[in-house]
K.L.:
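Below is a structure I'd like to ask you about.
Convention: sequence-line order gives letters A, B, ...; per-chain numbering from 1.
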There are 2 protein chains.
Amino acid sequence: MQLLLRDNGAVTSLSLDQHRAAVEALLAPLSARRAIETISLSASRIAGAPDAYRQRTLAHDVVSPTDLPPFDNSQMDGYAVRAAELSGASSDATVRLRVDPQINAGDTISAIEPGTAAPIMTGAPLPAGADAIVPIERAIPDHFRSTSVTDTNADGDEALTVEFASAPDHDEFVRRRGSDVAQGELLLAAGAALGPAQLGVIAASGLTSIDVLRRIRVLLIATGHEIREPGTALQPGQIYDSNSAVLSQALIDAGCTVVAWPCRSDDAADLLHIVEKGAPTADLVITVGGVSAGAREVVRDALGPLGVEFSHVAMQPGGPQGLGLVEAAGHPSGIPVVTFPGNPVSALVSFEMFVRPVLRRLAGFARDEREVLRLPLAESVDSPVGKHQVRRASIGTDGRVRLVGGPSSHLLHSYAASTALVHLPVGLGHADAGDPVDVWRIDD
Amino acid sequence: MQLLLRDNGAVTSLSLDQHRAAVEALLAPLSARRAIETISLSASRIAGAPDAYRQRTLAHDVVSPTDLPPFDNSQMDGYAVRAAELSGASSDATVRLRVDPQINAGDTISAIEPGTAAPIMTGAPLPAGADAIVPIERAIPDHFRSTSVTDTNADGDEALTVEFASAPDHDEFVRRRGSDVAQGELLLAAGAALGPAQLGVIAASGLTSIDVLRRIRVLLIATGHEIREPGTALQPGQIYDSNSAVLSQALIDAGCTVVAWPCRSDDAADLLHIVEKGAPTADLVITVGGVSAGAREVVRDALGPLGVEFSHVAMQPGGPQGLGLVEAAGHPSGIPVVTFPGNPVSALVSFEMFVRPVLRRLAGFARDEREVLRLPLAESVDSPVGKHQVRRASIGTDGRVRLVGGPSSHLLHSYAASTALVHLPVGLGHADAGDPVDVWRIDD
């Protein structure tokens, strides 16, 4: 009887931290090799290409090409005055000034004569001569008049006047040119993530394009001759490929671009063909499945001889892991390859634990955005004492964390019903209800 | 002298909670009016249209069209056996079984005869007759043999055999058909957010399209005859329009689609033209600026007569707010309009405080994703006791929160350098270094 079985020999055992460090070291060179892209910036592009700025960080420091604000302007609706002229004003001795023409936002920069006050709107340019703004509610009258009104001023001329019963400080309610950022100062630092305020300050400075780090390009290869494209007919023993969807979205969420190219074959040549065709335009290859002990395990068969090393990490799920640099066109030092086990839960937990944090840093982010909590368990739990177990869970309104489904790595439905991952570290064989555990929120 | 000044009369003063409730009430009907979209799902679409599933939630409950897993299969690399045949096995009395042909993932469902054990790979279909898996490391030998080996069995026939020194439990390491989710059970509930695991379990079930809530469509109108498109030449007194960029990205981040259509004019007819043209394909209008006390305030002039009410909220920045329902084609009950003040910091804080949480809920999310912390101040701070002040800040590695820039609403550069918003509520006039304050992370 011909048996096609593999003796994998001794498999290296690694701690979670050892494998995490190995993945980091493998991917670290991607940081230096990252290309830079110039992308255009406009509100219409933000609206029209909503993915353009998601998870993007600046490649360089950006210096402000202009003062912000670009001219002295008013912080309030009120009167632009010379502060010194009101220095003696009090409720007993009000100071009366003649009213100048109103200054609106968008008006060109004007000037006020001594003895006058200019009604001025928020954001309108401070007139030459003025050095303080008195808010409208501190003037007498405390509102702008809506009709033509004349009054008699000190010279006997008919003119509109306004009174003040208190003195403003010099520069009060004046926004000085360059007080937010001055021309030539740092507008945004390299690595700044492009959110609303960052895009806004770029727009405010008048810049219409910026240099960002190119996204990490991932060639994602879900393997297995049992996997089929969802929607096609299944034969007994076949399953739909969920790993391509799971990891494509997880990679997109982490700021990558993805080419998902499944290998629905157990022939090493088929996998090597995908790597050969896909590697030149990728920065990283991630495979899923094909690392079992069977006779024809496509990832082991294809990539083991090329230098990918397989190991067993003290983690559950996600024990069987592999990584290496593989020779490929366009990659003089080889392309990094990370191999995940084939169960969707194992693959996604592997991604969360080993790859996602590194991709976030490579995308330029200073921190992972996973919210880490320490919460009490709602129920007792057992965990293999020699392994770091990652369980799926939900956080109750009582602040306790409830496990969803069992520890088994095929329970993708349970994962999809979860809002958190619970970490039961090596050395912990049992925890009681109420015991605190580390929890990662995954429902952001 | 002709003065074109407005007497706005008494302005309604509102608490933060009052205005928040008013915005919620205004937008609540959008929930019932939401259209549903059917979107296709595939890994190639995830990779090719990375925005497609971002901030999406299911419109209906989705029932599983199939059992998951679709057939009984092995959780381990090992041997498929009849548990009863090994019931007496011990290290003193091993049980020897004849080895069947290997079963790989993707093989059709086979059967085993009594007295035999089938080498089986993780995910491979359990053969008929078998009811337990013995992991390879518990078999003797504890690895699969890689060559054709024959042995002599009890009957004297030459055949490969394997020994077992312990008995498995019934169903041990067997993943039963439907054990993750059974056909007809709830696969995902209405409102489920579409992340990696949710898209994965949909793919695993074979579904290739899903019904999601249509995104809220926002007509965003930044106003002011002083604002110009970034990159164009500025005249003195003019500024670049940053609000369109700021709020477009903020709305995109909240799951909306945006049409950004600035009104660079102080003529009410121009704004009304934009509303008339844009409203039929929008669910919500947001205006920015044009609510000051000037003579020609385009938002007040255009929308006040149509029923938008303006008020002053006890918040800093972001005091001047407005809202209302405005008659528009395609909106039998009127289209909701929310008006923000024109300073970019005021506008973005207004969005964060009043609109974003409502949009998140309308998008189907059960909770806001803003991480709320309570952290000690790194320095003392004064705050207007009658207002809820929102300051921009960063969270230090020491866990203390440091204010970035002053309270003024023109400091967009400071906002862009911040990672958090600090809340100084009504009633708090001063806080000392070390005092705890509520903090929202904004660097996700």
K.L.:
Taking every non-hydrogen pair under 4.5 Å, which of B:L187, B:V218, B:I136 racks up the most with chain A?
P.N.:
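Looking at each option in turn, the highest pair count goes to B:L187.
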K.L.:
Any donor-acceptor pair under 3.5 Å linking the side chain of B:H413 with the backbone of A:A182?
P.N.:
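A pair under 3.5 Å: no.
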K.L.:
Go through the atoms of B:L220 and report whether side chain, backbone, both or neither lie under 4.5 Å from a heavy atom of chain A.
P.N.:
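Answer is neither: B:L220 stays 4.5 Å or more from chain A.
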K.L.:
For chain B, which candidate among A:Q198, A:H410, A:R228, A:Q238 shows the most heavy-atom pairs at distances under 4.5 Å?
P.N.:
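Most heavy-atom pairs within the cutoff with chain B belong to A:H410.
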K.L.:
As an exercise: rank B:P341, B:A197, B:A43 by heavy-atom pairs under 4.5 Å with chain A and give me the winner.
P.N.:
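It is B:A197.
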K.L.:
For B:Q249, which residues count as a side chain to side chain contact (heavy atoms under 4.5 Å, CB included) partner, sequence neighbours excluded?
P.N.:
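Only A:I46, A:Y53, A:P196, A:L199, B:I252, B:D253 meet the side chain to side chain contact (heavy atoms under 4.5 Å, CB included) criterion with B:Q249.
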K.L.:
Between A:A250 and chain B, with a heavy-atom cut-off of 4.5 Å, which part of the residue counts as in contact: side chain, backbone, both or neither?
P.N.:
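Both parts, backbone and side chain.
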K.L.:
Atom CD of A:Q75 and atom OG of B:S408: how far apart are they, to the nearest 0.5 Å?
P.N.:
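So the CD of A:Q75 and the OG of B:S408 are separated by 3.5 Å.
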K.L.:
Show the nearest heavy-atom pair for residues A:P236 and B:I109, with the distance to one decimal.
P.N.:
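Scanning both residues, the minimum pair turns out to be CB-CD1, 4.2 Å.
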K.L.:
Less than 4.5 Å to any heavy atom of chain B: does that hold for the side chain of A:A204, its backbone, both, or neither?
P.N.:
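For A:A204, the contact with chain B is made by backbone and side chain together.
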K.L.:
Excluding sequence neighbours, so at least two apart, what forms side-chain hydrogen bond (donor to acceptor under 3.5 Å, both in side chains) with A:S42?
P.N.:
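Expected list: A:S44.
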K.L.:
Does the side chain to side chain contact (heavy atoms under 4.5 Å, CB included) test come out yes or no for B:F71 and A:I239, once each step is laid out?
P.N.:
CA-CA 9 Å; B:F71 47 85; A:I239 58 172; 3.7 Å; yes
K.L.:
What's the separation between atom CD in B:E297 and atom CE in A:M121, rounded to the nearest 0.5 Å?
P.N.:
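Separation between the atoms: 7.0 Å.
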K.L.:
Heavy-atom cut-off 4.5 Å, strictly under: side chain, backbone, both or neither for A:L68 against chain B?
P.N.:
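Nothing of A:L68, per the 4.5 Å heavy-atom cut-off to chain B.
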K.L.:
Please state whether the side chain, the backbone, both or neither of A:S209 comes within less than 4.5 Å of a heavy atom of chain B.
P.N.:
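Contact with chain B involves no heavy atom of A:S209 at all.
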K.L.:
Please classify the contact between A:P50 and chain B as side chain, backbone, both or neither, with a heavy-atom cut-off of under 4.5 Å.
P.N.:
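For A:P50, the contact with chain B is made by backbone and side chain together.
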K.L.:
Below 4.5 Å from any heavy atom of chain A, which atoms of B:A193 appear? Answer side chain, backbone, both or neither.
P.N.:
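Nothing of B:A193, per the 4.5 Å heavy-atom cut-off to chain A.
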K.L.:
Tell me, for A:P125 versus chain B, whether the close heavy atoms (under 4.5 Å) come from the side chain, the backbone, both or neither.
P.N.:
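Looking at A:P125, just its side chain touches chain B.
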K.L.:
With a 4.5 angstrom heavy-atom cut-off, which part of B:T257 approaches chain A: side chain, backbone, both or neither?
P.N.:
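B:T257 has no heavy atom closer than 4.5 Å to chain A.
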K.L.:
Is any side-chain heavy atom of B:N343 closer than 4.5 Å to one of A:R175?
P.N.:
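The answer is yes, as the side chains (C-beta and beyond) meet within the 4.5 Å cut-off.
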K.L.:
Is chain B contacted by the side chain of A:T108, its backbone, both, or neither, given a heavy-atom distance below 4.5 Å?
P.N.:
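Contact with chain B: backbone and side chain both.
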K.L.:
Identify the heavy atoms of B:S242 and A:G200 that sit nearest to each other, and give their distance.
P.N.:
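Where B:S242 meets A:G200 most closely, the heavy atoms are CB-O, 3.2 Å.
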K.L.:
As an exercise: rank A:S179, A:G48, A:S64, A:A192 by heavy-atom pairs under 4.5 Å with chain B and give me the winner.
P.N.:
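Greatest number of close heavy-atom pairs with chain B: A:S179.
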K.L.:
Quick check: do A:N73 and B:E226 have side-chain heavy atoms less than 4.5 Å from each other?
P.N.:
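They are not in contact (no side-chain heavy atoms under 4.5 Å apart), so the answer is no.
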K.L.:
Given a strict heavy-atom distance threshold of 4.5 Å, which part of A:L247 is in contact with chain B: side chain, backbone, both, or neither?
P.N.:
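For A:L247, neither part sits under 4.5 Å from chain B.
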K.L.:
Closest approach of A:A203 and B:D241, non-hydrogen atoms and distance?
P.N.:
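Closest heavy-atom pair between A:A203 and B:D241: CB-O, 3.8 Å.
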K.L.:
With a 4.5 angstrom heavy-atom cut-off, is it the side chain or the backbone of A:L251 that approaches chain B, or both, or neither?
P.N.:
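Contact with chain B is absent: no heavy atom of A:L251 under 4.5 Å.
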K.L.:
If you count heavy-atom pairs within less than 4.5 Å of chain B, which of A:A222, A:G231, A:A260, A:A189 leads?
P.N.:
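Looking at each option in turn, the highest pair count goes to A:G231.
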K.L.:
State whether the side chain of B:D180 and the backbone N or O of A:L412 hold a donor-acceptor pair below 3.5 Å, judged by distance alone.
P.N.:
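Indeed, once roles are kept as given, a pair shorter than 3.5 Å links the two residues.
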K.L.:
Rounded to the nearest 0.5 Å, how far apart are CD of A:Q235 and CG of B:D107?
P.N.:
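Going from CD on A:Q235 over to CG on B:D107, the span is 13.0 Å.
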